[in-house]
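Report on one structure; see the data block that follows.
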Amino acid sequence: PPILKSFKGGAHVIELDVSCPSFLGHLEFVVLESEPYLPFCFLDNDWFCSKVVVTTPEGDTVNFPCYHWISGNERLVFREATGQYVGIYIYHFDSASDLPAEVLLLTVKQSHFALPRVPLKYTPSCAFYMYNWKEDTFFGYQLLNGLNPMMIHRCSKLPENFPVTEDMVKASLFGKNLEAEIQVCQNGVMYVIHRSVIALYSTICCTLSHFLAAPLCLLYMTPEDKLIPIAIQLKQDPGEDNPIFLPTDSEYDWLLAKIFVRNADFAEHELNFHLLRTHLLAEVFAMSTLRNLPMVHPIYKLLISHFRYTLQINTLARQALISKNGVITKNASVGGPGMMEFLKKAVASLTYSSLCMPEDIIARGLESIPNFFYREDGLKLWDIVHRFVQKVIGHYYTCDSDVQEDYELQNWIKEIFFHGGLLYLLHAGIPQSFSLMTELVKFLTMVIFTVSVQHAAVNNGQFDFGGWMPNFPIALQQPPPTTKGQCTESTMLKTFPDINTTVNGMAAVYLLSTQSTDYFPCYFKFHQLFERTPLELIHKNQDVMKKYNFEIQGRNVSLPLSYTYLNPNNVENSVAL
Ligand SMILES: [Fe+2]
């Protein structure tokens, strides 16, 4: 066998001539092995092989994808890229160090989790929000284009446990009538936050010193297309000790009500829409891909770059954030014994259609609400991803029976359903198998969208919106007010978390939204796809993404507040932080 004698660090393409006395026939596999770097065998001499490309004497090119770290005294066999392979990998890990080298993250990132840092200065966005956090219009803006654009629904009927009356909100409706405004909801003028996971298991939960409200909030779209809150109830059950707060109340009654909504949003955002619906789902998809699909499988080749670093970041997050002594457990209002219960309820609230953005937007009645840039950019990116996946799948599968008979693919989705914690969601529409190519295309689009676009939407602005604690408090130290007219500035300051809790929360959101030094945008790496047609599709997809990048930049120039989180250049390829 050929031997590589001179091999230094860095990226290399090495060409070797291999002579062979007789014709080998179809090349099935290559074997790579390495020996320790004697006599200095204690030195780290591992190397990473991306692929082996063999040009045969007949001029054919044969690809052997590797993407493996190779260390001393190891012998690894890699099959040819169009071959078939049946195998199940078993992964078991309790800590990041147990993970295979191929899924490990930069050590610098790991060290950040070990030693969280507090930033020395705010981002420009954060500084802007610091001066605007009390404004009703900014409160409404964040429900559309902030960290958590997932809570708001169109209001076609007031929730029964939210008895807002005409007299209460008359002053906020620009001379309009409440009932009439709800009736004309097709125009999208009345919106509500009423479906929260918090509300599913408790009206109020608290740790020893922290409190969490389960609020309902009514919002109105003004004639100037500005979304403003017009009524807030902090607990689910209406009653005398649960007043409906209004913009016409005293400054601190109204402000404190909004602060409790923002604190509840911290819980919904971090645990449900960020951790569960992007990080943990990405892990389910990644694990099933590693366990069920061989490297040469088209779906493996399509997806694997979208799972870069996910297993490690989730292992670190479980240790640093939601373990017994994790930052969220110890510091957040939702931390403590209620946290796991919250997560279970969050899983129970999951549906397939809520993961598919076009369906989710319609289900929430948000098709026409103006200035909703998360929807505008997200739907465009969904469409771009969908068209790309459709063409790639069309290249590998010719008809529905190809999909039905691909037992590796069927095992992949079966494992996602049965072992990914989704078995309990029989009602939720998650597929257990694929019969049609269109079903496969939709599911793969959802997977790629969830781990790249949706994660970027709920991840990247964490320090922008959460760096100024009053705008996104991790915890509150006083219970929600039960009467009006009692709150002062002093009440508000006593309600905010103490300095330690605040600093821990700021360090967490800073860590979670700081871009990696080896960041790759969502259109960049599909490096396991070798064949000419998929490569052409990748290049076209990259061009489309880059063009949309410019379009968003152009759009943002005219906006008072740029929405940059779904700019394709800012959307990472995988859940990697
Ligand atoms: Fe994240």
Side-chain angles (χ1 to χ4, degrees), residues 96 99 103-106 108-110 112-114 116-117 119 123 125-126 146-150 265-287 305-323 326-329 331-332 334 339 342-343 346-347 350 355 357 374 378 381 446-467 472 474 504-522 564-577:
L99 290 164
V103 297
L104 285 180
L105 191 61
L106 277 182
V108 64
K109 193 77 185 174
Q110 202 158 337
H112 290 171
F113 268 82
R117 302 163 301 159
T123 62
S125 301
C126 188
L147 259 185
N148 187 6
M150 309 305 292
D265 200 49
F266 185 100
E268 291 282 348
H269 167 267
E270 290 296 3
L271 288 182
N272 186 12
F273 291 104
H274 183 203
L275 178 66
L276 171 68
R277 288 176 183 243
T278 62
H279 278 253
L280 299 184
L281 275 183
E283 185 171 332
V284 168
F285 304 143
M287 285 296 280
S305 61
H306 290 291
F307 302 138
R308 181 170 177 261
Y309 298 159
T310 298
L311 297 184
Q312 188 181 17
I313 205 75
N314 281 4
T315 308
L316 291 169
R318 273 193 283 271
Q319 288 166 345
L321 301 178
I322 59 168
S323 64
V327 174
I328 300 287
T329 314
N331 296 283
V334 73
M339 190 170 65
F342 182 100
L343 276 169
V347 171
L350 194 64
L355 298 172
M357 190 178 189
Y374 162 76
L381 292 176
M446 182 277 290
V447 169
I448 295 173
F449 184 88
T450 297
V451 305
S452 57
V453 182
Q454 183 64 14
H455 179 252
V458 298
N459 182 84
N460 295 1
Q462 286 179 97
F463 188 67
D464 287 345
F465 290 100
F472 197 50
I474 184 171
N504 284 329
M506 284 174 67
V509 292
Y510 180 67
L511 169 69
L512 297 173
S513 53
T514 305
Q515 204 172 77
S516 300
T517 47
D518 65 341
Y519 162 90
F520 285 102
C522 59
T564 59
Y565 301 115
L566 296 189
N567 182 322
N569 279 1
N570 298 335
V571 174
E572 190 154 16
N573 215 12
S574 60
V575 173
L577 76 162

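Fair warning: this is a prediction, and the values are worked out from it, not measured in the lab. Numbering of ligands and ligand atoms starts at 1, following listing order.
- Residues Val451 and Phe307 share a closest heavy-atom pair of CG1-CE2, 4.5 Å.
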Applying side chain to side chain contact (heavy atoms under 4.5 Å, CB included) to Glu283 and Ile313, what does each step give before you reach the verdict? CA-CA 10 Å; Glu283 185 171 332; Ile313 205 75; over 6 Å; no
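- Two residues are said to be in side-chain contact when any heavy atoms from C-beta on lie closer than 4.5 Å; Glu268 and Asn148 meet this criterion.
- Taking 2.8 Å as the threshold, Leu577 counts as a candidate ligand of the Fe ion (ligand 1), since one of its N, O or S atoms lies below it.
- Coordination check, Gln462 versus the Fe ion (ligand 1): failed, since every N/O/S atom of the residue sits at 2.8 Å or beyond.
- Of the candidates Asn459, Val453, Asn460, Val571 forms a side chain to side chain contact (heavy atoms under 4.5 Å, CB included) with just one, namely Val453.
- His279 contributes atom NE2 as its closest N/O/S atom to the Fe ion (ligand 1).
- No other N/O/S atom of His274 lies as close to the Fe ion (ligand 1) as NE2 does.
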